[in-house]
Colleague: 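Quick one: this structure, given as structure tokens, is what I'll be asking you about.
The structure displayed is predicted, hence computed values, not measured ones.
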Amino acid sequence: MNDQQRSMLLQSASQFPPPQGIKLSYGTAGFRADASILQSTVLRIGILAALRSLKTDGAVIGLMITASHNKVSDNGVKIADPSGGMLTQDWEPFADSIVNAPDPESLLRLIEEFAKKENIPLNGSKVASVFLGRDTRPSGESLVEAAKQGIGSVIGAVATDLGIVTTPQLHWMVRARNRNIKASEVDYFDQLATSFRCLIDLIPKKSGENDHPIGKLIVDCSNGVGGEKLQLLKEKLNWLDLEIRNSGKEGGILNEGVGADYVQKEKVSPQGFGPSDVGVRCASLDGDADRIVYFTIIPNGNNKINLIDGDKMLSLFALFMKKQLNILTDKNEYQPRVGVVQTAYANGASTKYLTKLGLQVIFTPTGVKYLHGKAEEYDIGIYFEANGHGTVLFSDKFLTWLEDIKSTETSLNKMNAAKRLSAVSKVVNQAVGDALSGLLLVEAILQHMGWSVDNWNELYSDLPSRQLKVKVADRTALVTTNAEACAEKPPGIQDAINALTAKYKQGRCFVRPSGTEDVVRVYAEADTQVAADELATSVAKVVDQFLGFH
Ligand code: 16G
Ligand code: MG
């Protein structure tokens, strides 16, 4: 590192001292905290993003300012790697250490050491490029400025500010740019709309069928970035009967009584929905539009809903993919590998359903980086968290095979199945879970099957479940294994959980330390709601006995 680089970093870091007495942690997917304490964090992550670009020969890196489904006064920062996926896990400890370095000098030392170890040239001989995006939080603008300062303090690094985008849009653009594909927001919408239209055009039509047999969809946009982006998408999709609510323009507050996280956890309708929406297909996005759940309102149910969660989206997608593959692979030598990836939170009924379909179900710990990494191992890898984050990934080998079929196949049936799968690969975001592209795929499949939302919901019935959180003295004392299904430490805790679980029919229960909050989470399911509640409550007590403040 030359003197000029050294003094630029020192000067830049001295602008924003880190908050006193607070240790920030990278967590599951980046830093999140009250927005007022994040300037130094974002500046330093800006430096990290520039270094990551230098390390990857100038590939574009994404830096997103968002706190997703959390309250509007929070904010956060996430990094997209050159593939469009999450930051490589081996850089997380470096992220943790620089964010918590107490002063500019110690920050500089950490950067020098790391650059040396990773062989990152810090002499201006190479260029680095970072795409910046933010959600609609008011604090986003000044945090983007802090990120620009950080990036600008690495010689040769250039920041491109994309303004307000959804998190998946930023990931998509990073991936597209690094693959030399057109990478603007307009290109994103064009690709989604064109491939959606293609899926609709490929639906076998009986004569005289009307054009909107599955009726209206109402989308709650959590008063977040999804509102304006869905509006832009809608303008390209004259076919879809779509109503947007909680777009952020009606005066509602981001994530307050609205959004996918609220709807999924509370199992009630979001604000702005009521009895007049009974019988209509509804969906809810989260604050940065990387999660989506569907729901219908229960008549006279006091805001209660039938929740159609990520597991059911996964099941719908898996079923559709399997049907298309069945058309294609009857006598074929090439048998694509299909993998379905879930976490311990997946409702047991969904896992049973998928297994019955003959699919291979694999479990990973919670967090997109784990699910995504596993799904990438397959020709078609479908992953979803119950909370509505997920996507479908296709291997290059599989996509090439589809192209071959499209150009040589003589059977119209097979040709169309290949075209459908290829269109799916363009509708669904290949970089990360994306509420907008997930929505389009659900709508296209329901339309294809001629299914109502109730037909979809009836694929299987969820087992009743309950989630609780427990405050503990030190959540790192809880160590899990077997994709979080089993607690290894403290000794004896799993035996106690097993003993309680065994008392309930279809009982299943696990505990895990949260990656985003200072709590231990408890998940329980059983054959009745009362039983699931009881099991969760009794296991929460066990957690308190083993790990509480005693
Ligand atoms: C983060 C994860 C999400 C996970 C959640 C769990 C990403 C992009 N997001 O929001 O996938 O479900 O954390 O939170 O990976 P928890 O650890 O607090 O339960
Ligand atoms: Mg989100």
Colleague: Counting distance only, does the side-chain N/O of N429 pair as donor-acceptor with the main-chain N or O of P168 below 3.5 Å?
Modeller: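 Yes; judged by distance alone, with no hydrogens or angles, the pair exists.
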
Colleague: Answer yes when D288 and K78 have at least one side-chain N-carboxylate O distance shorter than 4.0 Å, and no when they do not.
Modeller: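 Looking at D288 and K78, the cut-off is met.
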
Colleague: With a distance cut-off below 6.0 Å to the six-membered ring centre and an angular limit of 45° from the axis, does K312 pair with Y460 as a cation-pi contact?
Modeller: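 Geometry flag: set, cation within 6.0 Å and 45°.
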
Colleague: Looking only at the side chains, is there a donor atom on one of Y345 and D309 sitting less than 3.5 Å from an acceptor on the other?
Modeller: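 No, D309 and Y345 have no side-chain donor paired with an acceptor closer than 3.5 Å.
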
Colleague: Taking the six-membered ring of F273, is the NZ or CZ of R245 close enough (under 6.0 Å from the centre) and on axis enough (within 45°)?
Modeller: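 The answer is yes, since R245 meets both limits relative to F273.
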
Colleague: Is the centre of the H372 ring less than 6.0 Å from the centre of the Y383 ring?
Modeller: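 Ring centres of Y383 and H372 closer than 6.0 Å.
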
Colleague: Taking only Lys NZ, Arg NE, NH1 and NH2, and the carboxylate oxygens of Asp or Glu, determine whether D261 and R291 approach each other closer than 4.0 Å.
Modeller: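 Looking at D261 and R291, the cut-off is met.
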
Colleague: Got F398 and L421 here, is their nearest side-chain heavy-atom distance under 4.5 Å?
Modeller: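 Counting from C-beta outward, F398 and L421 do come under 4.5 Å.
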
Colleague: Can you tell me if R32 and Y26 form a side-chain donor-acceptor pair at under 3.5 Å?
Modeller: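 Distance-only check fails for R32 and Y26.
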
Colleague: Give a yes or no answer on whether the side chain of N178 reaches the backbone of S83 with a donor-acceptor pair at less than 3.5 Å.
Modeller: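 Checked: no pair found.
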
Colleague: For E92 and K369, run salt bridge (charged side-chain N to carboxylate O under 4.0 Å, His left out): C-alpha distance rounded to whole Å, both residues' side-chain angles, the deciding distance at 0.1 Å, then the answer.
Modeller: CA-CA 12 Å; E92 288 180 8; K369 59 193 174 199; 2.8 Å; yes

Colleague: Scan for side-chain hydrogen bond (donor to acceptor under 3.5 Å, both in side chains) pairs involving residues 527-536, sequence neighbours excluded, and state none if there are none.
Modeller: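 For residues 527-536: R466-D533, Y504-E534, Q529-D533.
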
Colleague: Side-chain polar contacts of residues 220-230 - donor-acceptor pairs under 3.5 angstrom, sequence neighbours left out - could you list them?
Modeller:
residue	atom	partner	partner atom	Å
D220	OD1	S222	N	2.9
D220	OD1	N246	ND2	3.0
D220	OD2	G259	N	2.8
D220	OD2	S284	OG	2.3
S222	OG	N255	OD1	2.7
N223	OD1	G248	N	3.4
N223	ND2	I253	O	3.0
K229	NZ	I164	O	2.8
K229	NZ	E185	OE2	2.8

